[in-house]
Amino acid sequence: MTASPTADPIDSPTPPRNGDTMTVRGGQPVEGSIHVRGSKNAMPKAMVAALLTTEPCHLTNISSITDIAVVDELISIAGGTVERDADSVRITAHTFNTLGEADVMRLHTASRIPVLTTAVSLHRTGHAVVAAPGGCSIGPRPVDFHLLVLRAFGARDEHHDDVIELHADRLRGARIELPFPSVGATEQFLFASALAEGDSELSNAAIEPEILDLVCVLQKMGAIISVEPNRTIRVTGVGELGGFEHRVIGDRLEAASWASLALATGGNITVHGVQQQELSTFLNVYRRAGGDFTIDADGNTLSFRRARRMLRPLALETDVHPGFMTDWQSPFVTALTQADGVSVIHETVYEDRLGYTDALRSLGAQIQVFTECLGPTRCRFGAGNHRHSAVVVGPTKLHGAELVIPDLRAGFSYVIAAAAAEGESLIHGVDLLDRGYSDFRAKLEAVGVEHR
Ligand code: EPU
């Protein structure tokens, strides 16, 4: 049977397809060491920041994932230059051209990043074009929080069939409260406020480490930004920003994915290149579930393994930082299929991020999905008909199956399930993993997952 669950509506650029197939033989010991590079959710934002200045900007610890190729293209279309070597990129944007409708429509189906250039485009040309939500095949991609932010800075928006056009003569400082601590809308605020006239304040802001990394980049460029208690960010606009050199933080999402593979298979994986403090919530949950880890003195090499033969079930609720990340959820829940008892999962960040559990069931997992909030928080999705809670009964013996990857994190979960299963699994659409896991096949090899 081929399981083809609902795609993650936010970060899946292409529908499932049958090309790029991989066979994984499960049930083998998983052991080895990998190196993760710059964070998928921090690198592109730092590259967008480089468009706020005409001076050269230099980023290191850059990995070769497809999302970065999309940003390279976006910068070239806007009139900037991107020079790359093995792990760094130099960006110069002497000029900036507003993206046209055709480019916006094409790039937006490949990545969430184009919308983040809106404030930059308004600063540099007074005009911007954004893809309208629902304008592509992968489900709704709301931009209402982004518009809320931009309108507060004085931008005017005009809605057409596929795109929204924005205009502003000069962005002016604003006080805004977000309905939800959205990562993207907080980044939009930072890009808008850094060069806006006067002071700005954002409350209920997202404070993920990837955002703090962007704040560091903007500060190097000359911005005045303070991140204060209670999710408040204050910015004093400056007249111009300059170039910067920056090493992007390591990818804590990728690190947690490989750690979950070690947990699910009873293996042992060492991850280099991330910081302990950015994984702190994940590490506590990992230990509670029966995983263990050692961390080197610098806190950037972590070795993950199972501490006990049988994992412990637990109740898990995803949340914005410093909570348990939504992007850690699917790989970790896949490991919980091997826990001895009942685990309860409540996804509170995205309404539709449990579709992958259909596929896990086809490998033998016992998982049921519910529309109710099965967790301490009454989240925004409880009132709708959103399948956003799950009950996982373990331990279950998994067996090989045929799977179609719908999106990035679900895709890694399928690889985990296939590696933990007896027999062979045939996985289609593996190239989607290149969006967030650089050198994916080489890393699988490095940790001994048998595949071809
Ligand atoms: N939302 C709205 N309206 C908006 C914007 C967001 O309703 O205008 C909602 C979303 O639908 C979602 C919630 O707010 O329910 C949070 O979305 P957020 O804006 O925080 O997400 P994002 O900026 O689009 C980034 C990452 C995601 C990650 C989330 C949460 C990038 C490119 N993507 O998305 O990464 O899950 O923050 O941490 O930075 C992934 O790496 O697999 C991935 C999906």
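Starting from 1, each residue takes its place in the sequence as its number. For ligands, and for the atoms within them, numbers begin at 1 and follow the listed sequence. All values reported here derive from a predicted model rather than from experimental measurement.
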| task | Using the salt bridge (Lys or Arg N to Asp or Glu O under 4.0 Å) rule, take Glu83 and Arg90 through it: C-alpha gap first, then chi angles, then the decisive distance, then the call. | result | CA-CA 5 Å; Glu83 296 161 65; Arg90 191 176 292 277; 5.2 Å; no
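- Looking at Asp144, Asp327, Asp319, Thr348, it is Asp327 that brings a heavy atom closest to atom 43 (C) of ligand 1.
- Between Glu254 and Lys443 a salt bridge is recorded (basic side-chain N to carboxylate O distance below 4.0 Å).
- Salt bridge status for Arg151 with Asp157: present, with a side-chain N to carboxylate O gap under 4.0 Å.
- The ligand atoms of ligand 1 that sit less than 4.0 angstrom from a heavy atom of Thr326 are 36 (O).
- In this structure, Arg353 pairs ionically with Asp327, as a charged nitrogen and a carboxylate oxygen lie closer than 4.0 Å.
- Annotation for ligand 1: atoms under 4.0 Å from non-hydrogen atoms of His146 are 8 (O).
- The aromatic rings of Phe412 and Phe440 stand perpendicular to each other, their planes meeting at an angle above 60°, with 30° marking the opposite boundary.
- Each of the atoms 13 (C), 14 (O), 16 (C) of ligand 1 lies under 4.0 Å from some heavy atom of Phe180.
- Checking each of Trp258, Tyr286, Phe332 against Phe304 for a ring-ring contact (aromatic ring centres under 6.0 Å, His included) leaves exactly one that passes, namely Tyr286.
- At least one donor-acceptor pair closer than 3.5 Å links the side chain of Ser200 to the backbone N or O of Ala174.
- Heavy-atom separations between Glu187 and ligand 1 are all 4.0 Å or longer.
- Near Gly184, the atoms of ligand 1 lying under 4.0 angstrom from a non-hydrogen atom of the residue are 19 (O), 23 (O).
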| task | Give the intermediate values and the outcome of salt bridge (Lys or Arg N to Asp or Glu O under 4.0 Å) for residues Arg387 and Asp358. | result | CA-CA 12 Å; Arg387 298 180 349 133; Asp358 294 343; 3.7 Å; yes
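- In this structure, the ring of His246 has its center no less than 6.0 angstrom from the ring center of His58.
- Among Tyr350, Trp328, Phe381, the residue whose heavy atom sits closest to atom 27 (C) of ligand 1 is Tyr350.
- The shortest N/O to N/O separation between Val183 and ligand 1 falls below 3.5 Å.
- Within the 4.0 Å heavy-atom criterion, the part of Lys40 lying near ligand 1 is the side chain and not the backbone.
- Just one of Tyr350, Phe370, Phe381 meets the ring-ring contact (aromatic ring centres under 6.0 Å, His included) condition when paired with His386; it is Phe381.
- Atoms of ligand 1 found under 4.0 Å from any heavy atom of Val143, numbered from 1 in the order shown, are 8 (O).
- In this structure, Gln188 has no heavy atom closer than 4.0 Å to ligand 1.
- If you look at Met43 next to ligand 1, there are no close heavy atoms at all, none under 4.0 Å.
- Distances between N or O atoms of Val349 and those of ligand 1 include at least one value under 3.5 Å.
- Counting heavy atoms closer than 4.0 Å to ligand 1, residue Arg409 contributes side-chain atoms (C-beta onward) but none from N, CA, C or O.
- For residues 371-386, there are no salt bridge (Lys or Arg N to Asp or Glu O under 4.0 Å) pairs, not counting sequence neighbours.
- The shortest N or O to N or O distance between Leu253 and ligand 1 is not below 3.5 Å.
- Where the criterion is an N or O separation shorter than 3.5 Å, residue side chain and backbone included, Ala185 fails it with respect to ligand 1.
- Residue-level proximity to ligand 1 for Arg380 is carried by the side chain, the only part with a heavy atom below 4.0 angstrom.
- Residue contact check: Lys45 has heavy atoms under 4.0 Å from atoms 31 (C), 39 (O) of ligand 1.
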